[in-house]
Visitor: 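Input: one structure, supplied below.
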Protein chains: 2
Amino acid sequence: MNFSPQEKETFYKLIAARRDVRSGFLADEIPKDVVEKVLQAAHQAPSVGFLQPWNFILISSSETKQKVKKAFLKANKTEAELFSGQRKELYENLKLEGIMEAPLNICVTCDTTKDSSNQLGRSAQENMDVYSTVCAIQNMWLAARVEGVGMGWVSIVHQQEIRTSLKIPENHKIIAYLCLGYVNEFKENPELETKGWNERLELKDLIKYEHWN
Amino acid sequence: MNFSPQEKETFYKLIAARRDVRSGFLADEIPKDVVEKVLQAAHQAPSVGFLQPWNFILISSSETKQKVKKAFLKANKTEAELFSGQRKELYENLKLEGIMEAPLNICVTCDTTKDSSNQLGRSAQENMDVYSTVCAIQNMWLAARVEGVGMGWVSIVHQQEIRTSLKIPENHKIIAYLCLGYVNEFKENPELETKGWNERLELKDLIKYEHWN
């Protein structure tokens, strides 16, 4: 199965148009079949030993979201203290999550005890099941974008609080807490770039040949 | 920027057609502009704090590949000992890497000390820079597939041996060692599925609502 020049172009357009969305979520519910497509894309990610170690918790109740939002606010306050002066001011003006506004939140976990006799591909590098799960999340991000759904990854929250709120068993590692919803627009560039938090690096400066030096 | 029904279809076709490729690599060199496209896709991945913490080491010398292959063989032998009976026989008959045959190997690293004053998004979850790098790798996988290039992730190798062979500084975490090359065919299903190593799970069994139970 080959891809035509036009199909390649579609793919690169998508890669460039994907954004980490934290604001502008619309209240419209995401139809079930669209959510299903996004999760099916995740489920087709590569996984070490074909483990498929992921689970997806779909959250739409305000009560649960409120708990996570509270945990975010706490971690956000602590994180803000790491910065000072103009940088702190900029940090405090960034919108870093859309927990309450996004109609759908999804927590993605990785079962670290799954199929424990199947150590294929992870006896030398034990994090491979976690990495498989992150690959699944990137598939979700792209699938959401192609559907016009914005997705944001909320990492400013302590995992123990998510674990307690969602009653996640200890053997399941929390990998991501995601916010999803339709948006009116996807920004042309990452917000952290346009607002001057950090600069886009040149790819050529990140490539090495044969070995590090 | 919206995606048409046909463009969506292209994306889902790609998601389904991507494979972890370990055999069937052709010797043909991958043109520079194609390698560049794959790396540009990686570089457009989301990154915490817009860190872009990744580096890419492009390896084509047989001498270097040979060192990594040797490290693979050692780890592969140790891993095989974890299985017994029919399972061990099946393991030993799996082709788990294409280090020597693939014309291009790429080692992807994550700079864990990059921009250390920029802790946005990772003061509560410290692995976020690593996860960003894995997102970049999934972008590479899809970009390679759209270009007709097979890519495989070799995780049966101890990272210290890669570090030594490629002279990677201690502050850069090794995330993946990848093999890339054109292939005659992409298998319809994952090899670990068709060879009976593991079964495809039902997505519906992996979804939970509101909380774990």
Side-chain angles (χ1 to χ4, degrees), chain A residues 1-3 7-8 10-11 14-17 20 39-41 43-44 46 48-50 52 54-59 61 64 75 79 82 119 121-125 128 131 134-135 138-139 146 148 155-158 166-169 190 192-193 197-198 201 203 206-213, chain B residues 1-3 7-8 10-11 14-17 20 39-41 43-44 46 48-50 52 54-59 61 64 75 79 82 119 121-125 128 131 134-135 138-139 146 148 155-158 166-169 190 192-193 197-198 201 203 206-213:
Chain A
M1 195 197 292
N2 293 322
F3 292 84
E7 288 180 315
K8 289 181 193 182
T10 296
F11 170 71
L14 172 61
I15 286 285
D20 192 331
L39 295 178
Q40 280 292 2
H43 193 46
Q44 289 174 81
V48 67
F50 202 44
Q52 306 151 80
W54 39 68
N55 281 94
F56 308 92
I57 311 174
L58 310 192
I59 300 136
S61 100
T64 312
E79 191 166 277
L82 298 173
Q119 289 295 320
R122 53 188 177 132
S123 69
Q125 295 183 26
M128 288 306 299
Y131 293 176
V134 178
C135 287
Q138 181 61 7
N139 273 8
V146 94
S155 63
I156 307 173
V157 52
H158 288 279
L166 305 184
K167 303 174 188 160
I168 299 169
L192 294 182
E193 183 181 8
W197 184 263
N198 224 347
L201 303 175
L203 174 60
L206 304 170
I207 301 175
K208 294 169 188 296
Y209 296 91
E210 299 305 335
H211 52 74
W212 192 268
N213 296 309
Chain B
M1 194 197 293
N2 292 324
F3 291 84
E7 288 179 314
K8 289 181 193 183
T10 295
F11 171 71
L14 171 61
I15 286 285
D20 191 332
L39 295 178
Q40 280 292 3
H43 193 46
Q44 289 174 80
V48 67
F50 202 45
Q52 308 152 79
W54 38 69
N55 281 93
F56 308 93
I57 311 173
L58 276 46
I59 300 136
S61 99
T64 312
E79 191 166 276
L82 297 173
Q119 290 294 320
R122 52 186 179 134
S123 68
Q125 296 183 25
M128 288 306 298
Y131 294 176
V134 177
C135 287
Q138 181 62 6
N139 273 8
V146 93
S155 62
I156 307 173
V157 52
H158 289 279
L166 305 184
K167 302 173 187 161
I168 299 169
L192 294 182
E193 183 181 10
W197 184 264
N198 224 346
L201 303 176
L203 174 60
L206 304 170
I207 301 176
K208 293 169 188 297
Y209 296 91
E210 299 305 335
H211 52 73
W212 193 268
N213 295 310

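Chain letters run A, B, ... following the sequence lines, proteins first, then strands; residues in each count from 1.
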Visitor: What pair of heavy atoms forms the shortest contact from B/Gly49 to A/Trp197, and how long is it?
Guide: O-CD1, 3.7 Å
Visitor: Would you find a donor on one side and an acceptor on the other, under 3.5 Å apart, between the side chain of A/Asn198 and the backbone of A/Leu192?
Guide: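 Answer holds: no.
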Visitor: Measure B/Phe11 against the heavy atoms of chain A and call it side chain, backbone, both or neither at under 4.5 Å.
Guide: side chain
Visitor: Non-hydrogen atoms of chain A under 4.5 Å away: do they reach the side chain of B/Met1, the backbone, both or neither?
Guide: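 Both parts, backbone and side chain.
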Visitor: Who pairs with B/Glu79 by salt bridge (Lys or Arg N to Asp or Glu O under 4.0 Å), at least two apart in sequence or on another chain?
Guide: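 Not a single residue meets the salt bridge (Lys or Arg N to Asp or Glu O under 4.0 Å) criterion with B/Glu79.
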Visitor: Do A/Asn139 and A/Gln44 have side-chain N/O donor and acceptor atoms under 3.5 Å apart?
Guide: no
Visitor: Looking at B/Leu201 and A/His43, what are the two nearest heavy atoms and their distance?
Guide: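 Minimum heavy-atom contact is O-NE2, 2.9 Å.
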Visitor: At a heavy-atom distance under 4.5 Å, which candidate from B/Asn213, B/Leu39, B/Asp20 has the highest pair count against chain A?
Guide: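 The residue among B/Asn213, B/Leu39, B/Asp20 with the greatest pair count is B/Leu39.
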Visitor: Which one of B/Ala16, B/Cys135, B/Ala75 has the most heavy-atom pairs closer than 4.5 Å to chain A?
Guide: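 Going by pairs under 4.5 Å, I would pick B/Cys135.
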Visitor: Shorter than 4.5 Å, heavy atoms on both sides: which option in B/Leu206, B/Leu166, B/Thr10 has the most such pairs with chain A?
Guide: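 Maximum pair count with chain A is reached by B/Leu206.
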Visitor: Using non-hydrogen atoms and a 4.5 Å limit, figure out which bit of B/Leu14 sits close to chain A: side chain, backbone, both or neither.
Guide: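 It is both, since atoms from each part get that close.
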Visitor: Measuring heavy-atom distances to chain B, does A/Ala17 have an atom under 4.5 Å in its side chain, in its backbone, in both, or in neither?
Guide: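 Only the side chain of A/Ala17 comes within 4.5 Å of chain B.
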Visitor: Give the member of B/Ile59, B/Ile156, B/Leu203 that has the highest number of heavy-atom pairs under 4.5 Å with chain A.
Guide: B/Leu203
Visitor: Relative to chain B, which segment of A/Asn2 carries a heavy atom at a distance below 4.5 Å: side chain, backbone, both, or neither?
Guide: backbone
Visitor: Can you tell which part of B/Trp54 gets under 4.5 Å to a heavy atom of chain A, answering side chain, backbone, both or neither?
Guide: both
Visitor: Can you list the residues that meet the salt bridge (Lys or Arg N to Asp or Glu O under 4.0 Å) rule with B/Lys208, with sequence neighbours excluded?
Guide: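 Expected list: none.
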Visitor: Looking at B/Lys167, B/Glu193, B/Gln52, which has the largest count of heavy-atom pairs under 4.5 Å with chain A?
Guide: B/Gln52
Visitor: Picking from B/Thr64, B/Val157, B/Val48, which has the most non-hydrogen pairs under 4.5 angstrom with chain A?
Guide: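 The candidate making the most pairs under 4.5 Å is B/Val157.
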Visitor: With respect to chain B, which residue among A/Pro190, A/Gly148, A/Ala41, A/Ser123 yields the maximal number of heavy-atom pairs within a distance under 4.5 Å?
Guide: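 Highest number of pairs under 4.5 Å: A/Ser123.
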Visitor: Do side-chain atoms of A/Ser155 reach the backbone of B/Arg122 as a donor and acceptor pair under 3.5 angstrom?
Guide: no
Visitor: Can you say whether B/Pro46 sits under 4.5 Å from chain A via the side chain, the backbone, both, or neither, judging by heavy atoms?
Guide: both
Visitor: Under 4.5 Å heavy-atom distance to chain A, tell me which part of B/Asn55 shows up: side chain, backbone, both or neither.
Guide: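 The answer is both parts of B/Asn55.
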Visitor: If I measure from the heavy atoms of chain B, does A/Ile168 come under 4.5 Å with its side chain, its backbone, both, or neither?
Guide: both
